[in-house]
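Data first, discussion second: the structure below is written as structure tokens.
One-based numbering, in listed order, for ligands and for the atoms of each.
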Amino acid sequence: MPRVLVRAFALTLATLSVLAPALSGPAQAQTQAQADHALAWKTGREAEAIERRVEELLARMTLDEKIGQLNLTGRGDGFDPQWVATGRSGAVMNFIDPKEIRQLQDLVQTSRLKIPLIIGLDAIHGFATYFPQPIGQAATFDVRLIELAAYWTARETRAAGVNWTFAPMVDLTRDPRWGRVFEGAGEDVYLASVVAAARVRGYHHGGLATSVKHFVGYGEAEAGRDYNSVWIPVSKLLDRHVPAFQAAIRAGAFTAMTSLSAMNGLPATADRTLLTGLLKGRLGFRGFVVSDFASIEELIHHGVAADGAEAARKALIAGVDMDMFSGLFIRHLADEVRAERVPVAAIDEAVRRILRVKFHMGLFEAPPVDPAATAGQIITPPAQAAALEVAREAMVLLKNDGDILPIRPEIRSIAVVGALGMSDDDWQYGDNVGLPRIRRPTVQAELARQLGPNVRITADPAVTTICGTEFTDREATLKMAREADLIVAVLGEECEFMGESASRTRLDLPGVQGRLLDELVATGKPVVLVLKTARPLVLTDIAARVPAIIQSFHLGSQGRVAIGEVLTGRVNPSGKLPMSMPRSVGQIPVYYDHLPTGRPYRRGERYESSFVDERNDPLFPFGFGLSYTRFSLDQLALDSARVPLDGTISGSVRLSNLGARDGREVVQVYMRQRVASRSRPVRQLQAFEKVTVGAGANQTVRFSVPVEALAFHDDQGRRHLEPGLYDIFVGTDSRAELTATVTVMGR
Ligand code: NOJ
């Protein structure tokens with residue numbers, strides 16, 4: 001929940017939470033009719049009744065049936081539907097065809113106990129209608145839109161019979177070399193927590209159970225190399241990595257997935273302190289824990305299990321309830337129980353958690369999927385409208401020298417260059433295949449439609465594949481570019497450059513796209529760069545030469561329409577960076593909420609914390625993003641300069657739109673404890689709100705932060721909340737310069 005309130009709307013925190021799941025116009029109408037799948041943990045008598053049903057069912061199960069519930073199998077080599085009929089697999093994944101899903105559901109009805117299947121899929125940012133990738137959703141800084149994207153993703157996925165998504169990924173992402181940064185919400189703890197909760201709410205509202213992942217620390221892989229070891233002290237774990245999980249759990253996440261990596265020398269999948277102690281104990285997680293894909297088997301490669309039996313045993317005892325795809329639980333656990341190496345109580349506890357989730361999801365009462373009804377429920381107009389709304393807000397305007405955007409009326413011809421601009425397909429690497437696809441107009445077709453016949457649009461992919469491997473016809477491309485008044489280059493990363501196991505050491509434009517951009521700039525024509533990437537790239541050289549840059553990540557089904565709208569000015573960009581963009585790879589990790597050092601940077605000093613060949617600050621900071629209008633902030637005022645430890649720091653600031661266009665701006669409130677028992681970050685985001693302000697108008701924005709949000713942990717896991725001076729910084733990015741100070745008083 002953002003901790004900034006806009007006075008004009010007189011919202012309180014309570015009303016905001018009611019409004020948060022609100023859906024826009026057409027979406028809202030549909031929701032009432034079809035919210036029958038909405039999921040939430042039941043409470044009170046209903047929850048008690050479920051516990052009784054769980055125990056009754058458990059008492060009727062054989063050991064093999066119990067272990068079958070712990071076994072997640074799925075589409076792929078060797079899958080045998082009979083496992084479902086014989087109770088050997090209580091969960092399946094990677095099915096997207098409702099007919100296949102229906103067959104499996106019917107097979108369950110032939111099994112002895114007829115325990116319904118939980119059916120999983122990586123529905124990360126869409127099913128048939130695609131939304132911006134999660135990093136782009138985070139860039140909207142708009143909680144309602146993030147929730148809306150999850151909601152429609154869930155609605156479509158559920159319509160095909162899938163009832164469980166392996167999302168949200170809430171790993172903190174501070175290393176853009178890691179290929180999975182697109183799946184997260186960026187570098188900031190507070191933003192990641194707000195996004196995590198919004199996504200859980202949205203998925204559940206749309207009928208899809210969530211699996212918050214990857215517990216824990218996966219995003220800290222050394223050197224950004226996927227699956228690599230992570231080293232995280234307890235204080236950092238609790239202060240930075242756990243809060244987003246906690247937010248997802250509070251929002252009702254039904255399941256959690258383990259990390260593939262080893263943290264501090266112990267693979268997460270075998271770490272009882274993490275899974276049972278922290279997740280199920282300290283964080284109070286009631287759902288079940290699923291391993292990541294084959295991560296139980298990988299305990300052997302990690303060198304902590306000699307064979308499959310030991311791997312299965314270690315994972316179960318650590319607190320993994322369900323085995324994704326390694327098959328080791330089903331193969332070994334019964335023998336392990338018989339040999340008394342695994343107590344049956346441990347199996348029972350895992351089964352209990354899985355059955356509990358199935359009951360709370362209402363699976364025992366839910367009708368099977370009706371394959372004939374699926375098509376009418378996907379790619380619907382309200383889902384498309386939602387996808388467009390989110391895509392419009394996800395673009396970050398990084399640069400706009402001389403206000404060359406939006407495209408000026410005097411521009412008579414535009415050359416659109418780059419294979420990513422030509423594509424009319426919204427499929428991205430890693431997305432589900434085999435579903436109906438939305439073929440939308442290309443960027444050039446959208447520009448032509450939006451600008452009308454008086455502007456000549458030419459287009460050339462320039463490179464042979466969307467990964468930019470080779471030039472098609474370099475001379476022809478440049479000739480076309482020279483003849484235009486404006487060049488729009490649509491470049492970026494696709495193919496194997498994004499997603500799992502797609503770590504990079506060079507954060508440049510893949511293939512020949514960098515050279516292409518150089519040559520376009522050399523034509524002397526103004527160049528607008530639209531970047532479609534899955535991560536922040538190093539843009540230092542590019543930003544020095546290209547006057548206008550839009551960071552769009554990958555925007556999903558309606559992305560090309562939204563790009564057209566931003567270029568032509570129908571939409572005023574308002575996205576903000578959820579990750580700092582480095583000046584060079586050597587700066588990484590570069591993030592704004594670092595600790596101070598004993599030798600803070602001072603210009604000209606030799607022995608301070610800096611590089612001899614690079615600046616310390618990023619090229620574009622966290623929270624940064626321009627608009628076609630200009631905003632200013634002033635009149636920062638605190639309600640009280642002294643606040644008790646159990647109180648709330650609150651105040652207001654005036655946001656003015658100084659330009660001639662309406663726009664949206666994100667007011668960001670950062671705080672720092674000036675002197676503490678441990679060194680504290682130089683500032684941390686504590687509240688934000690995205691506000692619409694009309695041209696020439698202003699608005700008072702209120703913020704309120706409970707003091708307890710400023711607590712931190714030590715390496716023994718103890719929580720500290722300390723009296724003293726706290727600095728407050730308010731601004732429109734993480735360099736926020738308006739300041740105030742508050743005294744937090746001891747008890
Ligand atoms: C491995 C990935 O790490 C995880 O996030 C995903 O959900 C599973 N594969 C299933 O596809």
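- With sequence neighbours excluded, the residues that form a salt bridge (charged side-chain N to carboxylate O under 4.0 Å, His left out) with Arg102 are Asp106.
- Salt-bridge formation is not detected for the pair Asp80/Arg88: no Lys NZ or Arg NE/NH1/NH2 atom is positioned less than 4.0 Å from an Asp or Glu carboxylate oxygen.
- Just one of Phe166, Tyr227, Phe325 meets the ring pair (Phe, Tyr, Trp, His ring centres under 6.0 Å) condition when paired with Phe293; it is Phe325.
- Checked against side-chain hydrogen bond (donor to acceptor under 3.5 Å, both in side chains), Glu156 has the following partners two or more places apart in sequence or in another chain: Thr129.
- Judged by distance alone, the side chains of Gln551 and Thr533 do bring a donor and an acceptor atom under 3.5 Å apart.
- Closer than 4.0 angstrom to ligand 1 by heavy atom are Met93, Asp122, Phe166, Arg180, Lys213, His214, Met257, Leu260, Asp292, Phe293, Met324, Glu500, sorted by chain and number.
- In this structure, the side-chain contact (heavy atoms from CB on, under 4.5 Å) partners of Arg282, at least two apart in sequence or on a different chain, are Leu238, Leu278, His713.
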